[in-house]
Amino acid sequence: MSILNNLFEFAVVLLFLVATVQTQSESPQWICDSTDSCLIDNAANIGDVKRFESQNDCRLSCGKYGAIWPIPTVECSISNERIRFDPWKVRFNVVAPDAASTQYVRESNRIFVSNILKDCVRNCSLPNSKEVLVKTRVSSNSLVLDWGTNETYTLSLRTTDMATFVEVKAQTVYGARHALETLSNLITGSKDNGLLMVRAARVRDAPIYPHRGLLLDTARNYIPLKLISRTLDAMAASKMNVLHWHVVDSQSFPLEITRVPEMQQFGAYRSDMVYSRTDTNNIVRYARLRGIRIIIEIDGPSHAGNGWQWGTLSGLGNMAVCLNQQPWRSYCIQPPCGQLNPFNENMYGIMKEIYEDLAEVNAPEETIHVGGDEVFIPCWNSTAEITRRMTETGFDLSMRSFYKVWSEFHQKNLDSWDNVTQRQYPRITEPKSVIIWSSHLTDPEIIADHLPKERYIVQTWVESDKTLNNDLLLKGYRIIVSTKNAWYLDHGFWGRTSFYNWRTVYDNRMDVHPLVLGGEVCMWSEYVDQSSVESRIWPRAGAAAERLWANPKLSSLLVQARFFRYRDRLLSRGIKADAVIPKWCVLNEGKCL
Ligand SMILES: *[C@@H]1O[C@H](CO)[C@@H](O)[C@H](O)[C@H]1NC(C)=O
Ligand SMILES: *[C@@H]1O[C@H](CO)[C@@H](O)[C@H](O)[C@H]1NC(C)=O
Ligand SMILES: *[C@@H]1O[C@H](CO)[C@@H](O)[C@H](O)[C@H]1NC(C)=O
Ligand SMILES: *[C@@H]1O[C@H](CO)[C@@H](O)[C@H](O)[C@H]1NC(C)=O
């Protein structure tokens, strides 16, 4: 009896020892505190507090929005219970009106799985675990992606003894893909096998702005294809939906135009620094599958030069003037100089061929960006051919006349664009609006004389204290906002510009007005190329993504923890997103405010 007793006591002591050793060797546990910060549990926090295995685990449900970036705008509730699941055992069921939309959702499912697999820390398979069943219902068969696309979705998640059921409902496939992006924000890696996911959740969501863009310049410095697709991956993770591709400029013309191979032959930096037609098709397709439009900009009449220099050789005359002229400060604002010749009819013919190509690579509903800023009048005014033609046709050489010439340039090109789209897509009856940069021509006093509001959407790039946006809205123009002193990601690396950190990007409030289509952060590439472009853009562009999706009243101070988590997620998806704070502040949420 006493021996048994002793043995029993011995066993208890042994168990206790093992338990103590285990507790000590286990990694710390995390709690979501009353200020919605995920912190390492300390001895003071005893009792009923829910504990999580890691900070990322805690973050999934800490605060109203957990780890979701950008925040949902309609409804969001997230359980603080978890399930452990095997990503190989996620089963999908798609209910969509036709083969094309079904196929789209299937592709989105595939992308989703490949994204969550990146969260696997260890062997992710989990024998005997329950299945996760994802059922997606899409009601519209339209694959049109434009400013009218309905990106709304609902996502609900519940777990029973049988399985975890995820239900996605959306009008379009694009809403459905956003839902999967949100679902991935409800999942994290685990130190044990499998992945962790919240046990239940309900999200209803729709973006505030239909245009949530990033401008990528590939003309000042060439950006390889691989980096463009990674940019699209990161945009998709942020629910951004427009890549404004500033593909050409006066420095280089890397875009292959199949009808006019001279453009890239004369304009690319090197024969391998080119986007072939196949590349462009692939970019458009890759983007679409991630809910992103590609809007290609062919800038003109300014910011054009190299690529256009073969006219005289081929008997087409001077298509671009002031080309590479020195001293550059007398002929342009940035070397190399170049400006299209508005009196050369052949130049318009080539522009039309370029539009034919663009209309072919993009979706029928897609439009173009026509550039149209920073015309440097002294260039035209110092070109004999141009001043002669102006005086011959009854113009004087006043600023007013030059504006007229400039605006006729846009009018002629718009005619070409209309002809091209009407011929290629006779079923599209409404002429498509194009996008143009703000400039002297878009001055509210004179814009209506040059650019009809039914046809031109103005992308403004003025400082936040300027009244231009408001003035244009009052005149009935649709606008896309690229606030120069917040959303120009190239600033801080040249001249007297300053760098805008993610908080400045985030805190750039947007006007709420039906004519504000949205905005774009701009990555001009004078001072970035493949070695730095990714960390220059990310995670800062993500701050704009939440601004454009939700336009929250929250200041950046209150969203820090979620933003840090978002940045980590980009890293786990292979995006070289820059650090924004010391790791200590990430681990000690709320202590670095
Ligand atoms: C992962 O775990 C499963 C089940 O435990 C096992 O069958 C499989 O071989 C493991 N895979 C690797 C790569 O270790
Ligand atoms: C978008 O689709 C949802 C259904 O998913 C619908 O409730 C909503 O009214 C639609 N929004 C618009 C603007 O049509
Ligand atoms: C263009 O040049 C002429 C002659 O040099 C000058 O008189 C005129 O003011 C210039 N026009 C503009 C808009 O600068
Ligand atoms: C556009 O088409 C119209 C009618 O076919 C034609 O008169 C006009 O010259 C064309 N314009 C351009 C720029 O091609």
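Every heavy atom of this structure was used, including side-chain atoms; hydrogens, water molecules and symmetry mates were not. Just so it is clear, the model here is predicted, and its values are computed rather than measured. Remember, it's 1-based here, ligands and their atoms both numbered in the order they're listed.
Disulfide criterion (SG-SG under 2.5 Å) for Cys332 and Cys379: not met.
Side-chain polar atoms of Asn185 and Tyr566 form no donor-acceptor pair below 3.5 angstrom. The closest side-chain donor-acceptor pair between Thr159 and Thr164 falls under 3.5 angstrom. Checked by atom type, the side-chain pair Ser184/Arg573 shows a donor-acceptor distance below 3.5 Å.
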Could you go through the salt bridge (Lys or Arg N to Asp or Glu O under 4.0 Å) check for Arg204 and Glu75 one step at a time?
CA-CA 5 Å; Arg204 286 194 297 145; Glu75 179 187 344; 2.7 Å; yes
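Near Thr152, meaning under 4.0 Å from any of its heavy atoms, are these atoms of ligand 2: 1 (C). If you number the atoms of ligand 3 from 1 as listed, the ones under 4.0 Å from a heavy atom of Met399 come out as 13 (C).
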Please tabulate, one line per pair, the protein nitrogen or oxygen atoms found under 3.5 angstrom from a nitrogen or oxygen of ligand 1, with distances to 0.1 Å, or say none if there are no such pairs.
residue, atom, partner, partner atom, Å
ligand 1, 2 (O), Asn123, ND2, 2.3
ligand 1, 2 (O), Ser125, OG, 3.1
ligand 1, 11 (N), Asn123, ND2, 3.0
ligand 1, 14 (O), Asn123, ND2, 3.3

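Among the atoms of Leu397, some N or O lies under 3.5 angstrom from an N or O of ligand 3. Checked by distance only, ligand 3 and Asn381 come closer than 3.5 Å through their nitrogen or oxygen atoms. Checking only distances, Asn150 does come within under 3.5 Å of ligand 2, N or O to N or O.
The aromatic rings of His178 and Trp549 sit perpendicular to each other, their planes meeting at more than 60°, with 30° as the lower class boundary. Ring pair Tyr174/Tyr104 is perpendicular by interplanar angle, where above 60° counts as perpendicular and below 30° as parallel.
Ala320 and Trp308 get closest at one heavy-atom pair: CB-CB, 3.8 Å.
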